[in-house]
Amino acid sequence: MGYQLGHRLAALEPYAPISGTYAIRLDANESFATPPAYLQEKILRAVGKLSLNRYPDALASEVSTTYANFYGMSPDFVTAGNGSDELISLLTSCFLEPDDTVVTLSQDFSMYAFYGSLYGLNVAVCPKEDDGTIDVDALIAFCKAQNAKALLFSNPCNPTSLGLVRDEVRKLLDALSCLVILDEAYMDFWDQSMLGELQNYDNCVILKTCSKAIGLAGIRLGFAVANPTITKALRAAKSPYNTDAIAQAIGTAVLTEPSYLNGQFVLLRQQTAALYDLNAPLLTQYPTILTAMAKPCTNFVYLRTPRAAEIHKALLARSIAVRMFAGALRITAGSAAENAAVSAALREILADFSR
Ligand SMILES: *Cc1c(COP(=O)(O)O)cnc(C)c1O
């Protein structure tokens with residue numbers, strides 16, 4: 001009787017980021033900065049010129065070329081997506097067959113396993129070391145033992161904020177012949193990108209996003225960078241108008257501002273270092289509550305704590321949202337005032353615990 005959802009959909013819940021209104025939002029790794037007035041005006045002018053009755057450029061050529069220019073690469077390697085999330089979805093759905101194995105790591109970005117299961121892949125999860133680092137030899141052995149058709153991980157990693165240096169990534173790419181998808185969403189905050197070496201590999205895709213360092217999470221614009229063979233397949237498999245005219249126009253307006261962008265990267269790195277420095281004394285003071293915080297390679301810090309749930313709740317009560325994981329909190333770097341506020345709140349909460 002009646003229509004029944006398939007087993008992969010029946011238990012699925014819509015993605016629900018934190019709900020409610022909070023004075024300080026440090027939970028989604030967005031940039032805290034808004035564009036300066038001249039850039040806001042440039043954005044509005046660009047949007048004002050659009051013919052919204054017409055479909056957008058299907059290949060998003062202008063924004064893709066602008067993106068390629070900014071990173072010094074060929075536009076022939078670039079495919080635009082509706083956020084890199086769409087590109088993760090496309091890669092896992094079209095480049096693998098149901099029952100193929102995709103290897104992900106734990107801990108890593110939750111969307112990889114989400115899309116893998118949604119598309120009926122066998123998701124094999126390779127554990128990281130206890131300190132969150134990746135043992136590349138173990139990962140290579142794991143991929144081979146699993147007969148992986150793809151390996152997908154973030155570098156630097158969300159949520160651990162740790163990075164894998166280029167030499168280690170090269171070792172991985174040299175050893176594996178399956179598709180290797182490097183999600184470099186946070187690489188604008190670190191200096192170990194593989195973008196410049198893609199032409200050496202026929203099996204590597206790098207994912208990039210405008211949602212973090214570029215400061216445009218609201219427009220949904222991401223890019224897949226890969227050799228022309230993979231790029232052609234991606235462009236052919238995507239839905240025709242996957243990036244809308246507004247995202248293309250705003251993306252172009254912002255990506256043609258290299259000195260603004262490089263300034264943003266520096267600013268966000270500084271704010272992340274400042275957040276780390278504000279919290280570091282708390283780890284010394286409360287070593288059994290805050291057990292570790294690695295030097296960040298991203299725009300957030302990852303604070304290990306057995307009392308994550310209690311601290312998370314106490315921060316929300318002070319109208320500060322951070323992201324909670326099992327045994328850890330991820331805190332996005334904010335403005336100087338936001339960093340000071342979250343750190344002061346942590347200090348109060350930890351003092352309360354110790355009373
Ligand atoms: C934020 C994030 C993305 C970006 O997703 P968009 O869809 O481009 O906003 C991709 N990968 C990782 C690891 C992220 O943290």
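Counting convention: from 1, in listed order, for ligands and their atoms alike. These numbers come from the heavy atoms of this one structure, side chains and all, not from hydrogens, waters or symmetry mates.
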message: Tell me which residues fall inside the under-4.0 Å heavy-atom shell around ligand 1.
response: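 Residues within 4.0 Å of ligand 1: G83, S84, D85, F109, Y112, S154, N158, D183, A185, Y186, T209, S211, K212, R220.
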- request: Provide the full list of side chain to side chain donor-acceptor pair (under 3.5 Å) pairs with a residue in residues 136-147, sequence neighbours left out, each pair given once.
  value: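 For residues 136-147, and leaving out neighbouring residues, the side chain to side chain donor-acceptor pair (under 3.5 Å) pairs sorted by first residue read D137-K171.
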- prompt: Is the Lys NZ or Arg CZ of R323 less than 6.0 Å from the centre of F325's six-membered ring, within 45° of the axis?
  reply: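 Flagged: R323 positioned over aromatic ring of F325.
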field: salt bridge (Lys or Arg N to Asp or Glu O under 4.0 Å) contacts touching residues 41-66 (sequence neighbours left out)
entry: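 Qualifying pairs: K42-E257.
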message: So, using side-chain hydrogen bond (donor to acceptor under 3.5 Å, both in side chains) as the criterion, who are the partners of Q264 when residues are at least two apart?
response: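 With neighbours one apart ignored, the set is empty.
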query: Looking just at side-chain N and O atoms, do N53 and S51 make a donor-acceptor pair shorter than 3.5 Å?
result: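 No pair is found: no donor N or O on one side chain lies under 3.5 Å from an acceptor on the other.
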- request: Would you kindly say whether T66 and T256 are connected by a side-chain donor-acceptor distance under 3.5 Å?
  value: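 Side chains of T66 and T256: no pair found under 3.5 Å.
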